[in-house]
Amino acid sequence: MKKIAILGSTGSIGTQTLEVVENQGDIEVTALAAGSNIRLLEEQIRKFRPKTACVWEEEKAKELKVLVRDLPVRIVSGMEGLIETAVEETAEIVVTAVVGMIGIRPTIAAMEAGKDIALANKETLVTAGHIIMPLAKKMGVRILPVDSEHSAIFQCLNGEDKKSIHKLLLTASGGPFRGKTREELRNVKVEDALNHPNWSMGRKITIDSSTMVNKGLEVMEAKWLFDVEMDQVQVVIQPKSIIHSMVEFEDGAVMAQMGTPDMKLPIQYALYYPERRYLKGDRLDFWSIGQINFEKPDLVNFPGLKLAYQAGCTGGTLPTVFNAANEKAVAKFLNREITYLTITDMIEGAMNGHTVKKNPSVEEILEAEAAAYDYIESRW
Ligand SMILES: NC(=O)C1=CN([C@@H]2O[C@H](COP(=O)(O)OP(=O)(O)OC[C@H]3O[C@@H](n4cnc5c(N)ncnc54)[C@H](OP(=O)(O)O)[C@@H]3O)[C@@H](O)[C@H]2O)C=CC1
Ligand SMILES: CC(=O)[C@@H](O)[C@H](O)COP(=O)(O)O
Ligand SMILES: [Mn+2]
């Protein structure tokens with residue numbers, strides 16, 4: 001039996017990972033972690049019987065301990081608990097499905113403990129890719145992409161030498177506001193931004209898709225995962241999310257990976273790589289699709305993508321500031337404290353106010369995160 005731990009088991013990726021586990025029937029779940037949803041975590045513990053379970057909030061962890069007192073599961077909490085979950089000794093693969101930079105330390109700990117990483121948590125790679133990728137090499141562990149575009153690229157590459165890549169064609173749906181002007185975006189509501197045309201995902205990434213910040217994070221994620229330059233990653237709008245991404249090789253050949261918008265495919269591919277297994281669900285029907293359209297991204301009305309290229313090309317602590325400012329801004333928008341366009345204004349302001357530090361340590365990354373938060377709190 002393959003053994004896995006899931007950080008963020010109660011979220012969109014976490015629950016779909018558990019669906020894959022249930023459908024396949026030959027994976028043991030040895031550890032689970034969530035933020036605060038102890039009702040769902042209790043259900044998961046009863047069904048999958050992990051050895052360790054973590055709840056971020058200490059008070060909730062105490063409540064959970066009482067709820068599962070009849071079971072042989074160790075309940076832990078906070079960052080220490082999250083790290084303990086990530087290094088649970090029997091797990092071979094850790095699925096990083098927490099949202100945000102909070103994933104950095106547990107991901108590093110899991111790698112240091114020799115675990116392969118099924119990586120959904122893109123914020124970790126964006127902010128600490130210069131630490132994660134060399135560490136993977138040093139420890140001989142694999143970073144298996146779960147993000148749909150990166151899984152697509154990984155599948156297109158299928159072991160081809162990095163030297164054969166001319167460019168990566170990262171597809172984007174364009175989100176719910178594709179084609180709109182900044183004027184039209186001025187008064188959009190939280191509900192409008194959460195209305196993604198193709199994918200059902202957690203709230204933070206859904207807002208990121210609407211601003212194109214998600215694509216910006218993904219350009220930086222691709223740079224680290226596939227060891228390419230930022231200018232080798234070209235974003236192509238493909239509104240129906242049928243093509244999940246493409247690779248153009250040196251000889252001009254283009255490989256694309258297509259499928260229905262269902263994250264269970266990339267999750268399952270990462271968990272069983274290089275094996276492909278049957279996955280039940282809808283399949284593409286090209287007779288009814290008819291057409292697949294492509295567009296150039298609009299960097300004027302959606303400056304998030306342009307700012308991401310700036311952050312990724314500069315490097316150092318700037319991607320952290322881009323990401324941290326976005327995390328703070330999205331939380332504020334979801335909390336209805338700021339307007340939609342303020343999200344990218346905040347990112348731009350925080351980036352402009354930052355002095356870049358090259359090759360930052362984890363501590364320096366976390367300091368840059370805190371500084372970006374302080375900057376935003378002091379100005380908005
Ligand atoms: N959803 C998708 O289809 C895709 C997601 N991703 C990436 O995957 C990651 C997860 O996204 P998604 O599943 O949508 O997010 P969700 O918001 O749906 O889930 C987040 C998960 O993280 C948990 N969590 C939050 N804070 C903490 C914490 N401090 N300690 C432990 N667990 C915590 C949540 O617990 P609780 O429920 O208790 O709050 C929940 O289980 C993100 O980085 C996202 O960008 C990438 C590609 C596609
Ligand atoms: C499912 C997934 O991987 C998301 O990151 C998705 O790609 C979001 O879509 P867009 O950012 O292209 O709207
Ligand atoms: Mn994606």
Side-chain angles (χ1 to χ4, degrees), residues 6-18 32-41 44 53-57 60-61 64 76-83 85-86 95-103 105-107 118-127 145-153 170-178 193 195-219 221-222 235-241 243-245 259-267 270 297 302 304-305 323 326-327 330-331 334:
I6 308 171
L7 310 182
S9 64
T10 50
S12 164
I13 294 291
T15 51
Q16 292 181 86
T17 303
L18 288 170
L32 294 173
S36 61
N37 187 350
I38 55 171
R39 295 289 156 199
L40 181 53
L41 188 55
Q44 295 178 343
C54 176
V55 186
W56 180 256
E57 294 175 21
K60 295 272 182 186
L64 182 66
V76 292
S77 67
M79 182 51 81
E80 214 175 289
L82 196 52
I83 290 176
T85 312
V95 181
T96 60
V98 290
V99 58
M101 292 177 61
I102 193 146
R105 290 178 59 197
T107 305
L119 187 129
N121 176 231
K122 62 190 87 180
E123 297 90 345
T124 284
L125 214 50
V126 166
T127 54
V146 167
D147 206 343
S148 64
E149 296 77 2
H150 306 75
S151 173
I153 292 166
L170 195 73
T171 51
S173 72
F177 305 136
R178 181 175 59 87
N195 189 23
H196 196 281
N198 308 321
W199 296 95
S200 164
M201 310 182 284
R203 285 156 62 87
K204 190 261 180 186
I205 186 177
T206 306
I207 301 297
D208 289 351
S209 290
S210 78
T211 54
M212 293 293 288
V213 164
N214 182 49
K215 218 41 61 180
L217 294 171
E218 292 185 347
V219 173
E221 184 185 10
V235 173
V236 180
I237 304 286
Q238 194 275 288
K240 289 183 185 167
S241 303
I243 299 180
H244 297 309
S245 276
T260 56
D262 179 355
M263 282 306 292
K264 288 194 286 304
L265 193 158
I267 293 168
F302 296 86
L305 183 55
N323 179 73
N326 179 59
E327 287 190 26
V330 170
L334 283 169

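Keep in mind that the numbers below use all heavy atoms, side chains included, and drop hydrogens, waters and symmetry copies. Order of appearance sets the numbers: ligands from 1, and atoms from 1 within every ligand.
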Do S148 and M263 pass the side-chain contact (heavy atoms from CB on, under 4.5 Å) test, and can you show the C-alpha distance, the side-chain angles, and the key distance before you say yes or no? CA-CA 7 Å; S148 64; M263 282 306 292; 3.9 Å; yes
List the closest protein heavy-atom neighbour of atom 21 (C) of ligand 1: residue, atom name, distance to the nearest 0.1 Å. A97 O, 3.6 Å
Polar atom proximity, D147 to ligand 1 (N or O, under 3.5 Å): no
Pair T10, N37 - check side-chain hydrogen bond (donor to acceptor under 3.5 Å, both in side chains), show working. CA-CA 7 Å; T10 50; N37 187 350; 4.9 Å; no
Shortest protein heavy-atom distance from atom 13 (O) of ligand 1, along with the residue and atom involved: I13 N, 2.9 Å
Do any N/O atoms on S36 end up under 3.5 angstrom from N/O atoms on ligand 1? yes
Considering only the protein, which heavy-atom contact is closest to atom 8 (C) of ligand 2, and what is its distance? S209 OG, 3.3 Å
Would one find an N or O of M263, backbone or side chain, under 3.5 Å from an N or O of ligand 1? no
N/O to N/O below 3.5 Å, does that happen between K215 and ligand 2? yes
Nearest heavy atom to atom 25 (C) of ligand 1, choosing from G35, G202, S12, belongs to G35
Side chain, backbone, both or neither: the part of S148 lying under 4.0 Å from ligand 1 by heavy atom: neither
How far is atom 2 (C) of ligand 2 from the closest protein heavy atom, and which atom is that? S148 OG, 3.3 Å
Report yes if the side chains of L41 and K60 come closer than 4.5 Å at any heavy-atom pair, otherwise no. no
Tell me: protein heavy atom nearest atom 43 (O) of ligand 1, and distance? E123 OE1, 2.7 Å
Of all the non-hydrogen atoms in the protein, which one sits nearest to atom 13 (O) of ligand 2, and at what distance? S173 OG, 2.5 Å
Measuring from atom 9 (C) of ligand 1, which candidate in N37, V98, I6 has the nearest non-hydrogen atom? V98
Just heavy atoms, cut-off under 4.0 Å: does I205 contact ligand 2 by side chain, backbone, both, or neither? side chain
Which N/O/S atom belongs to D147 and is the closest one to the Mn ion (ligand 3)? OD1
Heavy-atom proximity to atom 7 (O) of ligand 2, picking from E149, R178, E221, H150, points to E149
T10 heavy atoms within 4.0 Å reach ligand 1 at atoms 34 (C), 35 (O), 36 (P), 37 (O), 38 (O), 40 (C), 41 (O)
Between ligand 2 and H196, can you find any atom pair, the residue atom being a heavy atom, that is separated by under 4.0 Å? yes
Closest E149 atom to the Mn ion (ligand 3) [N, O or S only]: OE1
Which option out of G11, A120, P106 puts a heavy atom nearest to atom 8 (O) of ligand 1? A120
Counting heavy atoms only, which part of K122 comes closer than 4.0 Å to ligand 2: side chain, backbone, both or neither? side chain
For atom 6 (N) of ligand 1, what is the closest protein heavy atom, and at what distance to 0.1 Å? I205 CD1, 3.6 Å
Non-hydrogen atoms of A193 and P176 that approach each other most closely: O-CG, 3.9 Å
Which protein heavy atom lies closest to atom 4 (C) of ligand 2, and at what distance to 0.1 Å? M201 SD, 3.6 Å
among protein heavy atoms, the one nearest atom 11 (O) of ligand 2 is N214 ND2, 2.8 Å
Contact between ligand 1 and G14 is defined here as a heavy atom of the residue under 4.0 Å from a ligand atom; is it met? no
For K204, is the nearest heavy atom under 4.0 Å from an atom of ligand 1? no
Selected option - heavy-atom contact closest to atom 31 (C) of ligand 1, from A33, A34, G8: A34
Please check whether M201 reaches ligand 1 - meaning an N/O of the residue sits under 3.5 Å from an N/O of the ligand, judged on distance alone. no
Residue portion contacting ligand 2 (non-hydrogen atoms closer than 4.0 Å) for E218: side chain
